[in-house]
Number of protein chains: 2
Amino acid sequence: MTEGRKRGPLRADAQRNYDQILAAAEAAVARDGADASLEEIARQAGVGSATLHRHFPSRQILLEAVFSAKVETLCRQAKDLAADAEPSDALITWLRAVVAHATSNRGLATALLRGAHESFGTTCHAMITDAGRELLERAHEAEAIRPGVEIVDLLTLANAIALATEQEPNAGARAEQLLDLAIYGVRPT
Amino acid sequence: MTEGRKRGPLRADAQRNYDQILAAAEAAVARDGADASLEEIARQAGVGSATLHRHFPSRQILLEAVFSAKVETLCRQAKDLAADAEPSDALITWLRAVVAHATSNRGLATALLRGAHESFGTTCHAMITDAGRELLERAHEAEAIRPGVEIVDLLTLANAIALATEQEPNAGARAEQLLDLAIYGVRPT
DNA sequence: GTAACATATGGGGTGACACCCCGTTTAGCA
DNA sequence: TGCTAAACGGGGTGTCACCCCATATGTTAC
């Protein structure tokens, strides 16, 4: 979770504040979701709100920073699955992992969905999309996935499910159940 | 869209204000979605914000009032389909209608999903659930739907898709496409 | 018609928020 | 050690949800 410096090397105090804000944001977002109070995050980090806004000009950018570690995990997992598993299983296992991450990290789904349609800060969305595309292509070659389906379809579906179940009592199980339904179809085999 | 009086007959001016607030809320929600400014709605309706809060103690209750007409349409449609159509087609046609309504009325999906898990104002959610249950039961009897699937599963899925596509360029088409994917399954037949 | 009363109103207060300006502080370097 | 650019944060602005209570208004009984 230690975030590397950004572009031109930051001054030491700036780097320290950046890290503190990020740590506070992780805690706040885990507790309150994607619409956690930015002022509260700044307060917890022990910096003025202006400093937070300077380091993270928009909520979206802050959320991307918070979730980037999780997203990297997901991308690495995609790589591993592409190497190890049978194409169809690999893709579906990975989709389950995406949903699991999104439900256990309040706000991740929102951040990813918004990232797909805003001009800034689409980094996380692009990373996940690229990681998933490889898995999907392999699955398509094995004819294990309905033709014409694209990776954004699957990811939108996964995030939609996570988003909708986010505030249910046991979100994880419910989301998994709905993902299964979507994968195998509402109609019986 | 003319809303009947609530419980004890309202005073004439109160009823008039109620209707004006509702009309302003419809316009604002259509424009800004479920998180439209309540103060702005009160301003447009030409009443003080306290009056709005007296008539609609929570945002959720206001949203339910705004959408109740749409929800009634959906419920009527369910009844018609249950009478006319083949069980499986009826259910799927209706699910498409639910998604279409939810995407063309910004905030409807949010309101319905929240209504399912909050103690107050679950009226709309209950109405839709009951209407859909009948269609689903008929479809189950015809063995046209995967066993074990419940109406809340289908509605959550439909709302999830609407919610996730709400801010995409052509939300309607995209939502329909994803619903199809979920209905027929990610895996090929 | 009018008096009396319950009902309804809305200006304005409170506290939280996002976001930003600009005078002050400080790290990094010669 | 002193200079300068970089970074900071107190405090301002405008917005919001929500509520209190003095005032106004419709309703009803006479």
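Atoms considered below: every heavy atom in the structure, side chains included; atoms not considered: hydrogens, waters and symmetry mates. So that the names make sense, note that chain A is the first sequence line, chain B the second, and so on, each numbered from 1.
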Participant: Mapping B:Pro57 and B:Ala12 to their closest nucleotides on DNA chain D, which lands nearer the 5' end?
Facilitator: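 Nearest-nucleotide comparison on DNA chain D picks B:Pro57.
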Participant: Quickly work out the B:Arg16 CZ to C:dT9 C1' distance and round it to whole Å.
Facilitator: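 My rounded result for the distance is 11 Å.
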Participant: Please enumerate all residues that pass side chain to side chain contact (heavy atoms under 4.5 Å, CB included) together with A:Gln44, with sequence neighbours excluded.
Facilitator: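 Result, side chain to side chain contact (heavy atoms under 4.5 Å, CB included) vs A:Gln44: A:Ala24, A:Glu40.
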Participant: Would you mind telling me which of C:dC17, D:dC18, D:dC20 lies closest to the side-chain atoms of A:Arg43?
Facilitator: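 Within the option list, the nearest is C:dC17.
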Participant: Rounding to a whole Å, what distance do you find between A:Ile21:CD1 and D:dA7:P?
Facilitator: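 Distance check: A:Ile21 CD1 to D:dA7 P gives 13 Å.
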Participant: Between the side chains of B:Arg16 and B:Asp19, is the shortest nitrogen-to-carboxylate-oxygen separation below 4.0 Å, so that they form an ion pair?
Facilitator: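 Looking at B:Asp19 and B:Arg16, the cut-off is not met.
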Participant: Whole Å only: how far is the CZ atom of B:Arg11 from the C1' atom of C:dA8?
Facilitator: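 Taking atom C1' of C:dA8 as the reference, CZ of B:Arg11 is at 4 Å.
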Participant: For B:Ala50, report the nucleic acid contact type (base, sugar-phosphate, nothing); a contact means any heavy atom under 4.0 Å.
Facilitator: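 Touches a base.
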Participant: Give the rounded distance in Å between these two atoms: CG of B:Leu38 and C1' of D:dA17.
Facilitator: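 After rounding, the gap between these two atoms is 7 Å.
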Participant: Has the side chain of A:Ser49 got a donor or acceptor that lies under 3.5 Å from a partner of the other kind on the base of C:dC20?
Facilitator: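 Under the 3.5 Å cut-off, the side chain and the base do form a donor-acceptor pair.
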Participant: Looking for any heavy atom pair under 4.0 Å, which part of the strands does B:Arg54 touch: base, sugar-phosphate only, or nothing?
Facilitator: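 Since a base atom lies under 4.0 Å of B:Arg54, the category is base.
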Participant: Round to the nearest Å and state the distance from A:Asn17 atom CG to D:dA7 atom C1'.
Facilitator: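 Rounded to whole Å, this separation is 8 Å.
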Participant: With the threshold set at 4.0 Å, does a side-chain nitrogen-carboxylate oxygen contact exist between A:Arg146 and A:Asp153?
Facilitator: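 Not counted as a salt bridge, because no side-chain N and carboxylate O are separated by less than 4.0 Å.
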Participant: Angle, rounded to 10°, between the helical axes spanning five pairs at each terminus of the helix from C:dG1-D:dC30 to C:dA30-D:dT1?
Facilitator: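 Answer rounded to 10°: the end axes differ by 0°.
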Participant: From NE2 of A:His53 over to P of D:dG12, roughly how many Å is that when rounded to an integer?
Facilitator: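 Going from A:His53 (NE2) to D:dG12 (P), I get 17 Å.
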Participant: C:dA18 phosphate, OP1 or OP2: any side-chain N/O from A:Ser37 under 4.0 angstrom?
Facilitator: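 So the side chain of A:Ser37 is within the cut-off, an N or O lying under 4.0 Å from OP1 or OP2 of C:dA18.
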Participant: Would you call A:His101 and A:Thr73 a side-chain contact if the rule is heavy atoms closer than 4.5 Å?
Facilitator: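 Counting from C-beta outward, A:His101 and A:Thr73 do come under 4.5 Å.
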Participant: Using a heavy-atom cut-off of 4.0 Å across all strands, would you classify B:Ala14 as base, sugar-phosphate, or nothing?
Facilitator: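 Sugar-phosphate, backbone atoms only, no base.
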Participant: Take atom CZ of B:Phe56 and atom P of D:dC19, then tell me their distance rounded to the nearest Å.
Facilitator: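 Result: 16 Å.
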Participant: Any carboxylate oxygen within less than 4.0 angstrom of a Lys/Arg side-chain nitrogen, looking at A:Asp180 and A:Arg96?
Facilitator: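 Yes, A:Asp180 and A:Arg96 are salt-bridged.
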Participant: Is the distance from OP1 or OP2 of D:dA17 to the nearest side-chain N or O of B:Arg59 less than 4.0 Å?
Facilitator: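 Yes, such a contact exists.
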Participant: How about B:Ser88 and A:Arg187: does a side-chain donor come under 3.5 Å of a side-chain acceptor?
Facilitator: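 B:Ser88 vs A:Arg187: donor-acceptor pair found between side chains.
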Participant: Taking C-beta and beyond as the side chain, do A:Val29 and A:Phe67 meet within less than 4.5 Å on heavy atoms?
Facilitator: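 SC-SC contact between A:Val29 and A:Phe67 confirmed.
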Participant: Check the distance between C:dT9's P and B:Tyr18's OH and give it to me in whole angstrom.
Facilitator: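 For the pair B:Tyr18 OH and C:dT9 P, the rounded distance is 13 Å.
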